[in-house]
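Each chain gets a letter, A, B and so on, in the order its sequence line appears, and its residues count up from 1. These numbers come from the heavy atoms of this one structure, side chains and all, not from hydrogens, waters or symmetry mates.
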Amino acid sequence: MVPELPEVEAARCGIAEQLTGRRVTGFELYRPRLLQALPGRGLELLRGTYLIEVGRWGKYLWLVFESLATLVHLKLTGQLVARGSTVPGFAAGHPVPPFDAPLPHKSTALRLDFEPDVALYLTDVRHFARLWLLPVDELANTLASLRLGPDLLSTEFTFETFRQRLERRRSRRLKPVLLDQTVVAGIGNIYADESLWQAQLHPEHVVGELAEDELRRLYDGIQETMRLAVPLGGARIVHGKAVPPIGQFPFVHGRAGQPCPRCGAPVVKVQVDGRGTYLCQLCQPSPDAALRRSRLAARAGRSE
DNA sequence: AACTACTCCTGGAGGC
DNA sequence: TGCCTCCAGGAGTAGT
């Protein structure tokens, strides 16, 4: 399972509830390449300082300490696990290694120790995750420089905002636009497929061809997908396959050959924009190429 | 503007 | 059983 918004949100909640207000007593940096900005000794600045707040925008997570801010992206296979005698503990992100595996794992990149007796582990089997260390007063600018679209769980993500942002991408196809974090922040490959299935829209529709009610379905599909996924801390997908399904979610992603929960037709896997894409060919009919051409021609004619 | 290709990586899956 | 090869995929960057 690739960590997307729901998984990162689960990590944010765990950190907020169990670590905020605690003091850092130490750390172990197992893999220095995790750090993207300052050299490894920058972490020394965390020692003895308190975790003040934790935030999230899309798939980016940040922890603000008195001395320093850290910005984290779990990328494909990052996970965050907290354990200790003074907290319940939590685990979020990619479920390999298993959330109950002994830590540190050989792919653990960083351990942060909090007072009293809590350890937060960042583990990532493919070593793509990154952590930036930056002065607290540079966090806002750094986030702004990412040019992220509205976070899916924020009040900024309204239908009107969504429609306006899609308007600027009229010529692009739906799936790549959903994956573009500068359009909306938080959707990855799994939840793009789930949202499109909810909306009963094919991933290769051209944005500008969609009618108002289809845009509305897409917006509602994203909202419904987040509503289902966030409380679960995300889908459980390992190497593209759904492992013991939690209820029926996810409905199509990783379920090639299985029946569509809506109509029973087999879910198929295709490539869209180079990404493995799961869909139901009955519920999500392919855009008709001839109709597409005639509509575009009609628009071009009118605009001249 | 919007595509493609490439770059990071490695565990697991599939082939034989 | 044991090699070998291939593949996934977020996001930044470069090239077309």
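Per the geometry, CG belonging to A:D180 stands 18 Å off P belonging to C:dG9, to the nearest Å. Taking atom CG of A:D124 as the reference point, atom P of C:dA11 lies 13 Å away to the nearest angstrom. The separation between A:K75 atom NZ and C:dG9 atom C1' is 11 Å, rounded to whole Å. One can place NE2 of A:H94 at 10 Å from P of C:dG9, the figure rounded to the nearest angstrom. Counting to the nearest Å, the C1' atom of B:dT10 and the CD atom of A:Q79 are 15 Å from each other. Taking atom CD1 on A:I187 and atom P on C:dA11, their separation rounds to 11 Å, with Å as the unit. Here C:dG10 presents its P atom at 18 Å from CG of A:L61, a figure rounded to the nearest Å. Straight-line distance from the CG atom of A:L34 to the P atom of B:dC8: 17 Å, rounded to whole Å.
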Would you mind building the protein contact string for nucleotides 1-6 of chain B? One character per nucleotide, 5' to 3', B for base within reach (heavy atoms under 4.0 Å), S for sugar-phosphate only, - for untouched. -SSS--

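In this structure, A:L110 and A:Y30 approach most closely via the heavy-atom pair N-CD1, 3.9 Å. Nearest heavy atom pair, residue A:F99 against residue A:H94, reads CE2-O, 3.5 Å.
In this model, the phosphate group of C:dG12 is not approached by any side-chain N or O of A:R130 to a distance below 4.0 Å at OP1 or OP2. Contact check, A:H127 against B:dC8: no side-chain N or O comes under 4.0 Å of OP1 or OP2. Phosphate contact (OP1/OP2 of C:dA11, side-chain N/O of A:K59, threshold under 4.0 Å): present. The side chain of A:Q181 places an N or O atom within less than 4.0 Å of a non-bridging phosphate oxygen (OP1 or OP2) of C:dA11. OP1 or OP2 of B:dG11 has at least one side-chain nitrogen or oxygen of A:K106 nearer than 4.0 Å.
Cation-pi geometry between A:R216 and A:F159 is met: under 6.0 angstrom from the ring centre, within 45 degrees of the axis.
Here the nucleotide nearest the side chain of A:V96, chosen from B:dG11, B:dC9, C:dG9, is B:dG11. Proximity note for A:Y60 (side chain, C-beta onward) versus C:dA11, C:dG10, B:dG11: the nearest is C:dA11.
A:R47 pairs by the side chain to side chain donor-acceptor pair (under 3.5 Å) definition with A:E44, not counting sequence neighbours.
Inspection of the A:E160 and A:Q164 side chains reveals an N or O donor paired with an N or O acceptor under 3.5 Å. Looking only at atom types and distance, the side chain of A:R169 has a donor-acceptor partner in the side chain of A:T182 under 3.5 Å away.
A:R33 comes within contact range of the sugar-phosphate backbone alone, with a heavy-atom separation under 4.0 Å but no base atom that close.
To the nearest 0.5 angstrom, A:L174 atom CG is 12.0 Å from A:D273 atom CG.
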